[in-house]
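Data block below; observations after.
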Number of protein chains: 2
Amino acid sequence: MASMKEVARLAGVSVATVSQVLRGTKRFTPEVEARVRAAARELGYLPDLRASALRTGRSDIVGVLLPDLSNPYFPALLNALEVAARAAGLLVLVHDSGNEVGLERHALERLASVRVDGLLWVPSDASVAGAKALPRRDLPVVTLDRPLPGRDAVYSDHAQGGRLLARHLLALGRRRVALLAGPAELPSARARRRGFLEAFEPLAPVFEGAAGFTHRLPEPVRRRLRQAVGGFDAVVCPNDAVAIGVVRVLREAGVRVPQDVCVTGFDDIPWAAMMEPPLTTVRQPLAAIGAEAVRLLLERIRAPEREPRQVMLPVELVERASTAPATAAPQEGSEPSP
Amino acid sequence: MASMKEVARLAGVSVATVSQVLRGTKRFTPEVEARVRAAARELGYLPDLRASALRTGRSDIVGVLLPDLSNPYFPALLNALEVAARAAGLLVLVHDSGNEVGLERHALERLASVRVDGLLWVPSDASVAGAKALPRRDLPVVTLDRPLPGRDAVYSDHAQGGRLLARHLLALGRRRVALLAGPAELPSARARRRGFLEAFEPLAPVFEGAAGFTHRLPEPVRRRLRQAVGGFDAVVCPNDAVAIGVVRVLREAGVRVPQDVCVTGFDDIPWAAMMEPPLTTVRQPLAAIGAEAVRLLLERIRAPEREPRQVMLPVELVERASTAPATAAPQEGSEPSP
DNA sequence: CCGGTGAGGTTAATCGATTAACCCACCTGC
DNA sequence: GCAGGTGGGTTAATCGATTAACCTCACCGG
């Protein structure tokens, strides 16, 4: 692959001249500029970004470190981040930590070693919980979704999302709610629950359960849902994936959604709109999150010492067919679906 | 961020020694080795991979260029690729081309400019069709899904998938099939169709339509499906996303799936198992695709001049509830779902 | 006592670009 | 006629690591 030296030789000038012409940092006679460009074109010259990064200290590459690409929320987030990064002229180095602190620490080192300009990071559950896999202090970092003390962070207003759901269900006349919570160590999951409880007052859930964040519900929760059939008229899930699992369990138990029981999710991943029935959920503003995260990261790169910021973005209730007004009397799950 | 020079100074040796100790390429007295390691640890030294890449010519970074991250198949593929790459000690630079030749060409240049060791590439529709956005000849490339002349390629046996579906439907007694095809310029889509037609002989579809590759069906196809209700007892879709759209249209038209009409997909994206009804589809062996692609890429990097290879991987029929045996008489779409 | 060998380090070139500093010729103004 | 610009290039240091080549002893055998 042709280097600047070869371009310089072909054009009959020094490498300095080539560099300066190509970057437009100095003016030359039209004749020389033309010769340089022609030579570059002829050799198919492409600057070696490793070399310029080495010299200038900027690579225009950012790392994105995610806990689990197989969880549908993260690809959606990744997409948003990639779009925002691309718009800012940045390349994206993705890494999946498998939600494991060990691997995560390793990934952080590796990314620091490539000298990415900065890092967009969704910390693993354990990291959030305190088992710190902290990146070097000198690596600009913006955390997503899960704020970390002393770092810039971008996240949605989870509590508000919880409140919106509570109000929505109340407005529909649903008062016997089963509330499933996500991983207890995640502030986002806790905020969703908190917001819900707050706006649901003075009522309280008929029961609560810990469901994690995937569609594979823990056995206790499945059992609980089946046993309590008829005892609740709505299930509030910590995210969309869980909602999918819940709808499935309810269906199997012969419960109609939304007539007998409403189900709500959180995130508005693409599935939500597409499932049967389409899911009422709270939309996280992914595009805005991506844009904001990149903006914050660039600012932090420019001013490493500035006070860290937390940016909270508004969420939005998306009403779909998985929720509907309560009918006259709460019915038993009587008519099994096909 | 500490450099080797500082480590050398702290340890009281030359940078050469530091390099050699840390890489273990030469032996020193235990005493010196200890001093070097201690110094490195104390300074939190991390080698600058840009610099070593510059010197050694290998960065252990591969590019992954995809047409559209918002299409659910690609995140799934990306995940597989990332896992395989990680297992081989490679970092992944993702880039979304938006399925646009212009952006794609730009991306290829950018990736070549960072001097990635190689590229895993799913060419855009247009690139496949001939509007070439070819990467430089000197950049090792493995194409995925969509073979390109003179390049290494990894893809699934799409034709076989088509055949499996045809046989499956025939075995179920479904003979009046509507066949939807994907983008005509994609060999994969064509192979699926071809395989189906071949194994469906001597029968033929009652009608065909061009549906693209997303769940948003073109209006003509929607209309056609609605008008022809009762005239077909199965719809074969070019991929899972389209199948989702089809199920929805059929439902709205009051058709029961699978009783009245079977629907099949292709890919086995995560949704397939989760939708209502769970989708019968053909599974692409993503993990194997990822592993094979990375293997091929590493080989090509090692031996740039070797004859290009095409690796075709076997697919697998996944039977789920969206297909079922034909009942006695083909019924009209009579019982609208809720 | 001398040449040879090997262990243990160092010197210096190199990868490819960037950029401050410098050099030279020519022009301008007084 | 000369100080002082200025336009148009070049020289050379530098970023951080790698590695071939070399240097210096100590030790060994004859």
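A close approach under 4.0 Å does occur between a side-chain nitrogen or oxygen of B/Ser14 and OP1 or OP2 of C/dT10.
Computed from coordinates, the B/Arg50 CZ to C/dT14 P distance equals 23 Å when rounded to whole Å. If you take CZ of A/Arg115 and P of D/dC15, they are 14 Å apart, rounded to a whole angstrom. Summarising the geometry, the separation between CE on A/Met4 and C1' on C/dC15 is reported as 13 Å, rounded to the nearest angstrom. In this structure, the NZ atom of B/Lys5 is 13 Å from the P atom of D/dA13, given to the nearest Å. Between the C1' atom of C/dT18 and the CZ atom of A/Arg55 lies a distance of 5 Å, rounded to the nearest Å. Separating the CD atom of B/Glu6 from the P atom of D/dC15 is a distance of 10 Å, rounded to the nearest angstrom. The CG-C1' distance, from A/Leu49 to D/dC15, rounds to 15 Å in whole Å. Between B/Arg58 atom CZ and D/dA17 atom C1' there is a gap of 17 Å when expressed in whole angstrom units.
The side-chain hydrogen bond (donor to acceptor under 3.5 Å, both in side chains) test with B/Asp152 singles out one residue from B/Gln310, B/Arg300, B/Arg306, and that residue is B/Arg300.
With sequence neighbours excluded, no residue satisfies side chain to side chain contact (heavy atoms under 4.5 Å, CB included) with B/Ala38.
Side-chain proximity of A/Thr56 to the nucleotides C/dT18, D/dT19, D/dT10 is greatest for C/dT18.
A heavy-atom distance below 4.5 Å is not found between the side chains of B/Tyr155 and B/Gln284.
Salt-bridge formation is detected for the pair A/Glu299/A/Arg295: a Lys NZ or Arg NE/NH1/NH2 atom is positioned less than 4.0 Å from an Asp or Glu carboxylate oxygen.
Judged by distance alone, the side chain of A/Arg146 and the main-chain N or O of A/Pro123 form a donor-acceptor pair under 3.5 Å.
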Begin from the C-alpha positions of B/Asp125 and B/Phe213 and carry the test side-chain contact (heavy atoms from CB on, under 4.5 Å) through to its verdict. CA-CA 11 Å; B/Asp125 299 6; B/Phe213 254 177; over 6 Å; no

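Of the residues in residues 15-41 of chain B, those with a non-hydrogen atom less than 4.0 angstrom from any atom of DNA chain D are B/Ala16, B/Ser19, B/Gln20, B/Arg23, B/Lys26.
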